[in-house]
Amino acid sequence: AQTIHQWPVAEIKAVGSPLSLGCTIKGKSSPNLYWYWQATGGTLQQLFYSITVGQVESVVQLNLSASRPKDDQFILSTEKLLLSHSGFYLCAWRGGSAETLYFGSGTRLTVL
Amino acid sequence: QQQVRQSPQSLTVWEGETAILNCSYEDSTFNYFPWYQQFPGEGPALLISIRSVSDKKEDGRFTIFFNKREKKLSLHITDSQPGDSATYFCAASGRTQVVGQLTFGRGTRLQVYA
């Protein structure tokens, strides 16, 4: 069975500080990977997607970057956090041509 | 421009009643419509989905009714239980979407009272 693990569970960071969030998928070879952002009580906005190692596409510009250093790993980062970065970050995966998107348990980010 | 709209924003029903959650969309190329259920502090989980070639999809107490002509769909939850209290997101994707991209609505927060 496939499992998706996100870390950390929660972060409280200062404006201007760096950030790195991670996601690992086990049990699925070469998944499509996605980062979504959700404001408190809000909808889900796709940020990045990756079809293969080393290749990441940006969907919206939010002063964030993403990387896929390994087949099963997806990293979201920024060098300088903004207040507007606060929210719930969700990693998701999809298998090949399948349409179902599976989400991780998310990381709650609070920027002060 | 919001491509997927949901109503109501919040809904309260009593245990045993049928909850009806509505969704509409604008992009006529959308052909896949999943509904996700999200509990507080958790990631969304796929509940049920439908493709545009069908007008109804049933899974236990959950049923999607789909009207392609009017670009509307609804999720019916029969015999609602307190454990169904969650936020429900309607989403859509189609041929012109970025690979694997789902466009989500703003969600309907459902509260089921015992």
Side-chain angles (χ1 to χ4, degrees), chain A residues 2-11 21 23 25 28 30-52 55-60 66 68 74 87-110, chain B residues 1-11 21 23-25 29-54 57 59 64 86-111:
Chain A
Q2 299 86 7
T3 59
I4 179 169
H5 174 61
Q6 282 191 245
W7 74 92
V9 172
E11 278 267 46
L21 305 179
C23 169
I25 290 84
K28 181 63 184 177
S30 303
N32 293 345
L33 298 176
Y34 308 84
W35 278 111
Y36 277 79
W37 175 77
Q38 185 179 30
T40 301
T43 189
L44 294 102
Q45 171 67 59
Q46 188 182 44
L47 303 176
F48 299 94
Y49 70 93
S50 172
I51 297 174
T52 189
Q55 202 171 348
V56 177
E57 301 296 331
S58 173
V59 177
V60 293
R68 186 170 178 177
F74 208 17
F88 199 40
Y89 288 85
L90 291 151
C91 180
W93 71 271
R94 191 175 71 105
S97 58
E99 288 172 313
T100 301
L101 207 57
Y102 298 95
F103 286 89
S105 54
T107 294
R108 172 72 57 190
L109 174 65
T110 303
Chain B
Q1 184 185 8
Q2 192 180 346
Q3 294 204 49
V4 176
R5 288 190 171 85
Q6 289 187 248
S7 65
Q9 187 174 352
S10 63
L11 176 65
L21 290 66
C23 179
S24 64
Y25 62 98
T29 67
F30 285 157
N31 57 11
Y32 171 66
F33 303 89
W35 285 82
Y36 281 82
Q37 179 188 55
Q38 185 178 31
F39 295 104
E42 298 182 10
L46 179 67
L47 184 65
I48 186 172
S49 64
I50 193 168
R51 297 179 190 277
S52 58
V53 293
S54 302
K57 177 78 172 290
D59 185 357
I64 299 174
T87 299
Y88 293 81
F89 289 96
C90 173
S93 70
R95 291 185 300 277
T96 60
Q97 297 293 95
V98 165
V99 173
Q101 181 176 18
L102 286 175
T103 299
F104 284 84
R106 295 187 188 277
T108 292
R109 184 172 295 183
L110 173 66
Q111 182 72 49

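Here is how names work: the chains are called A, B, and so on, in the same order as the sequence lines, proteins then strands, and each is numbered from 1.
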Minimum heavy-atom separation for A:Leu44 to B:Phe104, with atom names?
CD1-CD2, 3.7 Å
Rounded to the nearest 0.5 angstrom, the OG1-CD distance for B:Thr103 and A:Gln45 is 8.5 Å
Residue from A:Arg108, A:Gln38, A:Gln6 scoring the most non-hydrogen pairs under 4.5 Å with chain B is A:Gln38
Run the side-chain donor-acceptor check on residues 41-51 of chain B: report pairs under 3.5 Å with partners two or more places apart or on a different chain.
from	atom 1	to	atom 2	distance (Å)
B:Arg51	NH1	A:Glu99	OE1	2.2
B:Arg51	NH1	A:Glu99	OE2	3.4
B:Arg51	NH2	A:Glu99	OE1	2.8

Could you work out, with salt bridge (Lys or Arg N to Asp or Glu O under 4.0 Å) as the rule, every residue matching B:Arg109, not counting sequence neighbours?
none
